[in-house]
Amino acid sequence: MLKFAVFGNPISHSISPLLHNYAIKEFGIDGFYGRVCLSKTESKFALKNSFEKLGLSGANITLPFKEIGLSICDELSSDAKEIGSVNTIVKRSDEIYGYNTDTSGFFDAAVSMGEFKNALIIGCGGTTKAISYILYKNRVKFDILNRTKRDKKTIELLKCNNFYTWNDKELLDGRYDLVINATSAGLNDEFLPAPKELLELLLKRAKFGFDLIYGKNTPFLQLCLKNSLIAKDGLDMLIGQAVLAFELFFDGKFKKEEIALLMKKAAALRVF
Ligand code: NDP
């Protein structure tokens with residue numbers, strides 16, 4: 001039997017096992033995808049040991065282990081190397097290969113809403129690194145707005161045009177086709193990711209809103225809809241990154257469209 005898992009903390013909420021096990025079953029694969037909760041202070045050795053001891057063929061890695069996941073890999077894809085984190089690892093012979101599928105998972109989901117030339121990312125955490133990377137690679141101009149400042153080196157690495165905090169006046173002239181909530185505001189609370197007046201101003205001029213949080217009608221999503229934007233939550237991104245991970249686990253043996261169809265069916269079974 002082939003074994004896979006997702007590593008994280010917390011991990012009980014993850015729907016990755018549901019998506020992968022449904023596809024595994026429907027493709028008639030002798031396999032199983034589980035979940036592993038590591039303590040938040042675990043080192044890269046614990047992650048690697050756990051991966052090896054469980055005899056896994058591949059795994060997904062989520063918060064807060066995406067950065068240490070990178071350090072257990074023998075080979076890295078160019079995007080994982082540049083972003084500095086992995087969310088998918090695959091064992092081939094005796095080597096571990098690392099990838100970041102959040103990038104394409106996000107971009108495919110975003111372009112499915114329509115064409116955008118520029119974007120504002122609200123939030124500057126781990127996932128913003130992946131989103132910035134793929135926007136830059138696709139020549140989308142973008143700014144970042146975060147509640148707190150970042151140092152010059154971090155901002156340079158993100159390759160944004162401008163980095164703003166809530167009180168920067170220049171932001172009031174901002175015009176963005178796409179506004180992305182990449183913060184955890186709204187995840188376990190009812191907060192907006194930035195002051196309401198500022199968001200309303202920006203959303204009124206935008207075409208699309210994207211909240212990375214999924215399974216919840218967040219205050220940000222509600223405000224996007226109130227301002228007549230085309231908007232979506234993070235479910236398509238989650239499914240997109242899982243489809244790409246599944247392709248990597250099975251070395252392209254299954255068609256992307258078929259995996260996506262099955263994972264969408266699996267997600268629909270879930271009551272959030
Ligand atoms: P991090 O913890 O690395 O970063 C969190 C960011 O949110 C920081 O910039 C932080 O600002 C900001 N923030 C937190 N609370 C608030 C608040 N109340 N108001 C304004 N800003 C706030 O998280 P990630 O980057 O990993 O994840 C960001 C979001 O994306 C999460 O909601 C996560 O669930 C979601 N996600 C979705 C995925 C999907 O597939 N759909 C995949 C990965 C993540 P500060 O720097 O000031 O603290």
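Just so you know, these numbers use all the heavy atoms, side chains as well, and skip hydrogens, waters and symmetry mates. Predicted model, so just to flag it, every value in this text is computed and none were measured. We're numbering straight along the sequence, starting at 1. Ligands are counted one by one from 1 in listed order, and the atoms in each one are counted from 1 as well.
Residues S39 and N9 bring no donor and acceptor atom of their side chains to less than 3.5 Å of each other. There is a side-chain donor-acceptor pair under 3.5 Å between D211 and T218. For the residue pair Q241 / N87, a side-chain donor-acceptor distance below 3.5 Å is found, with atom types taken as modelled.
Taking the six-membered ring wherever Trp is involved, the centroid distance between the rings of F27 and F254 falls below 6.0 Å.
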With a 3.5 Å cut-off and sequence neighbours excluded, list the donor-acceptor pairs that the side chains of residues 129-137 form with protein atoms.
| from | atom 1 | to | atom 2 | distance (Å) |
| --- | --- | --- | --- | --- |
| S132 | OG | T128 | O | 2.7 |

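A heavy-atom cutoff of 4.0 Å around ligand 1 is satisfied by the protein residues L63, G123, C124, G125, G126, T127, N146, R147, T148, R150, W166, A182, T183, S184, A185, F191, P193, L212, I213, Y214, G234, M237, L238.
Atom NZ of K81 is surrounded by 12 or fewer heavy atoms from other residues, nucleotides or ligands within 6.0 Å.
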